[in-house]
Number of protein chains: 2
Amino acid sequence: MESVLEEAVALLDEAGASALTFRALAQRLGGGVASIYWYVANKDELLDRAADHAMGPVLDVVEKLPQSDDPIDDLRVMAVTLFDAIVQRPWLSAYFMRNTSIQTHTLGLYEKLGQQTLRMNLTASQRFHAVSALVGVVVGSAVDLGQEPTQEMLDGNVDRDEYLHRVAQDWRDLDPQEFPFVHEIVDEFDGHDDVDQFRSALELTLTGLRLQAGV
Amino acid sequence: MESVLEEAVALLDEAGASALTFRALAQRLGGGVASIYWYVANKDELLDRAADHAMGPVLDVVEKLPQSDDPIDDLRVMAVTLFDAIVQRPWLSAYFMRNTSIQTHTLGLYEKLGQQTLRMNLTASQRFHAVSALVGVVVGSAVDLGQEPTQEMLDGNVDRDEYLHRVAQDWRDLDPQEFPFVHEIVDEFDGHDDVDQFRSALELTLTGLRLQAGV
DNA sequence: ACCTGAACACCGTTCAAGT
DNA sequence: ACCTGAACACCGTTCAAGT
C-alpha cells in the first residue's frame with residue numbers, strides 16, 4: 001500500500017495527472033494492473049489517497065510552526081506553506097479536501113487552520129467561512145498551476161514565460177478603447193509570478209478577516 | 001460550428017464533463033466522430049469554446065448592469081452574476097479563462113470586472129491582482145460544485161445533503177480534544193449552502209480591496 | 001469546403017483463476 | 001491475503017477516401 005502511493009506520487013510528480021494510469025503504475029511496481037485494485041476501489045480513491053499521502057510532510061511542517069500572538073499572522077504562514085506545496089506539486093490542487101474520511105493529513109491541515117480562528121472573536125459560522133475562504137484562495141490561485149500544458153505549449157515547445165508573452169501580445173493588439181483594463185494591466189500580466197498573485201489575494205482576504213474579528 | 005457548441009453545452013448540462021465525448025456529440029449531431037475535428041483541433045479546444053459559448057449570455061447580463069457610484073458594489077454584483085452562472089453550469093469552472101484568444105466572451109467579462117478597478121485609486125499591479133483575486137474567489141468557491149459526484153454518492157443514491165450529513169457524522173466521531181475546530185464548525189458544515197460560503201469569501205476580499213483603495 | 005468509416009493506440013475496470 | 005492474464009467496453013485522434 002505504502003509503495004503504491006509512493007510510486008503514484010512519483011508518477012504524478014514526473015509528468016502530471018495524465019501520466020498516472022493503472023498500467024504505468026503497475027509497470028513501475030513490477031506487477032499486473034489488476035493488483036492495484038486490491039488496495040484501492042477505483043482511480044478516484046487512488047488520487048485522493050495519493051494527494052493525502054503528499055500532504056503528510058506539509059502537515060508535519062504546519063504542526064511544528066511556532067505560534068505568534070497574532071492568529072492572522074499564523075494563518076498567513078500556514079496558507080503560504082500549503083500554497084508552496086501545491087506550487088511544487090500542481091496536481092495536488094484538484095484533490096484537496098475531496099474525501100476527508102480518507103484524507104486524514106488533509107483534515108489535519110484543515111483543523112490546524114481552523115484552530116487559529118478559535119483564537120479570534122468570531123462566530124462558529126464566521127470561523128467556518130473564514131477557513132473555507134482561505135482554502136478557496138489557496139486552491140483558486142493554484143488552479144492556473146494545476147493545468148496541464150496546452151497542446152500549443154507542447155507543439156511550439158514554448159515555456160510558461162514565452163506563453164504569457166504571446167498572450168500578452170494578443171492583448172496588446174486589442175482595441176484600447178474597448179479594452180482599457182486589459183491594456184492597463186498587460187505589462188503586469190506579462191511575466192507575472194503566480195506567487196505574487198496568490199500573496200495579494202491572500203492579503204485581501206486576511207485584511208477582511210482582521211477587520212471582521214477586530215484584531 | 002454554432003450547432004456543435006450548442007449540442008456540446010447541452011451534453012455538458014445534462015450529465016457533466018464526463019458525458020461530453022466525441023462519440024456522444026457526433027451521435028447527437030447525426031454525423032461521424034471525425035467531422036467534429038473539422039471545427040476544433042482537439043477536445044481541449046472543444047471545451048474551451050463550449051465554455052466560452054456558455055459565457056455569452058453572462059457577458060450580456062454584466063454589460064447591461066447599471067453602474068452605481070460604488071465600484072466595489074458593482075464588482076460584487078458582477079462576481080455574483082458569474083458565480084450564479086457557474087452554479088447552474090458547474091462544469092464551467094474548469095475552463096474559465098483558459099484560452100482568452102479563443103474565449104472572447106470570457107475576456108470581455110474579465111475586462112468588465114477590471115473596468116471597475118479603473119474607477120478606484122489603485123496601481124496597475126493592484127488592479128491586476130484585485131481582479132485575479134476576485135476571479136480566484138469565484139472559481140475557488142465553485143470547485144466544490146464542479147466535482148463530479150463520487151462513486152459513493154452514485155452507489156448509495158445519496159444526494160448532496162445526505163452526503164454532507166454523512167461526512168458531518170464522521171467529523172462528530174473525531175476526538176474533540178484533537179479536533180476542536182472541526183467540532184466547532186460541524187453543525188455549520190452540515191447542510192451548508194455553497195452560495196453562503198461564496199458570499200462570505202467574496203465579502204472578505206471586497207473588504208480588503210475597499211481598505212486598499214480607501215473608498 | 002465539409003464529411004465519413006475504419007482503424008490505432010490507448011484508457012479504467014472486471015473476473016475467473018492462481019498462489 | 002494477495003496477485004495475475006486476459007478480456008470488456010470504452011476513450012481521443014488520425015487518415016485515406018469520399019462529395
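Everything numeric in this text was worked out from a predicted model, so none of it was measured.
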Could you go through the side chain to side chain contact (heavy atoms under 4.5 Å, CB included) check for Val77(A) and Val62(A) one step at a time? CA-CA 9 Å; Val77(A) 177; Val62(A) 166; over 6 Å; no
So that I can compare with my own list, what are the stems of DNA chain D, taken as at least three consecutive Watson-Crick or G-U pairs with distances under 3.5 Å? C:4-8 with D:12-16, C:12-16 with D:4-8
How many whole angstroms separate atom CD of Glu45(B) from atom P of dG12(D)? 15 Å
Who passes ring pair (Phe, Tyr, Trp, His ring centres under 6.0 Å) against Phe96(A), sequence neighbours left out? none
Between Asp52(A) and Thr104(A), the two heavy atoms sitting closest are OD2-N, 3.0 Å
Please list, chain by chain and in numerical order, all residues satisfying side-chain contact (heavy atoms from CB on, under 4.5 Å) with Ala51(A), sequence neighbours excluded. Trp91(A), Leu92(A), Tyr95(A), Gln103(A)
Give each protein N/O atom lying under 3.5 Å from an N/O atom of nucleotides 2-6 of chain C, with the pair distance.
{"residue": "dC3(C)", "atom": "OP2", "partner": "Tyr39(B)", "partner atom": "OH", "Å": "2.6"}
{"residue": "dT4(C)", "atom": "OP2", "partner": "Gly32(B)", "partner atom": "N", "Å": "2.8"}
{"residue": "dT4(C)", "atom": "OP2", "partner": "Ser35(B)", "partner atom": "OG", "Å": "2.6"}

Residues two or more places apart in sequence or in another chain: which of them pass ring pair (Phe, Tyr, Trp, His ring centres under 6.0 Å) with Tyr37(B)? Phe22(B)
Restricting both atoms to N or O, compile the protein contacts to nucleotides 17-19 of chain C shorter than 3.5 Å, with distance only.
none

So the salt bridge (Lys or Arg N to Asp or Glu O under 4.0 Å) pairs with at least one residue in residues 86-95 of chain B (sequence neighbours excluded) are Asp13(B)-Arg89(B)
Under 3.5 Å between N/O atoms: give me all the protein pairs with nucleotides 9-11 of chain C, atom names plus distance.
{"residue": "dC11(C)", "atom": "N4", "partner": "Arg23(A)", "partner atom": "NH2", "Å": "3.3"}

Residue pair His192(B), Glu188(B): steps toward the side chain to side chain contact (heavy atoms under 4.5 Å, CB included) verdict: CA-CA 6 Å; His192(B) 77 270; Glu188(B) 301 294 330; 6.0 Å; no
Can a donor-acceptor pair be found, under 3.5 Å and without considering hydrogens, that links the side chain of Gln197(B) to the backbone of His129(A)? no
Suppose we screen for ring pair (Phe, Tyr, Trp, His ring centres under 6.0 Å). Which residues come up paired with Phe179(A), at least two apart in sequence or across chains? none
For Glu162(B), which residues count as a salt bridge (charged side-chain N to carboxylate O under 4.0 Å, His left out) partner, sequence neighbours excluded? Arg166(B)
Salt bridge (Lys or Arg N to Asp or Glu O under 4.0 Å): pairs with one or both residues in residues 3-12 of chain A, sequence neighbours excluded: Glu7(A)-Arg28(A)
With His105(B) via ring pair (Phe, Tyr, Trp, His ring centres under 6.0 Å) - residues at least two apart: none
When you compare dA17(C) with dC2(D), how far apart are their P atoms, in angstrom units rounded to a whole number? 22 Å
Between Tyr110(B) and Trp171(A), ring centroids under 6.0 Å: yes
note: Asn42(B), atom CG; dT13(D), atom C1'; distance rounded to Å ~ 9 Å
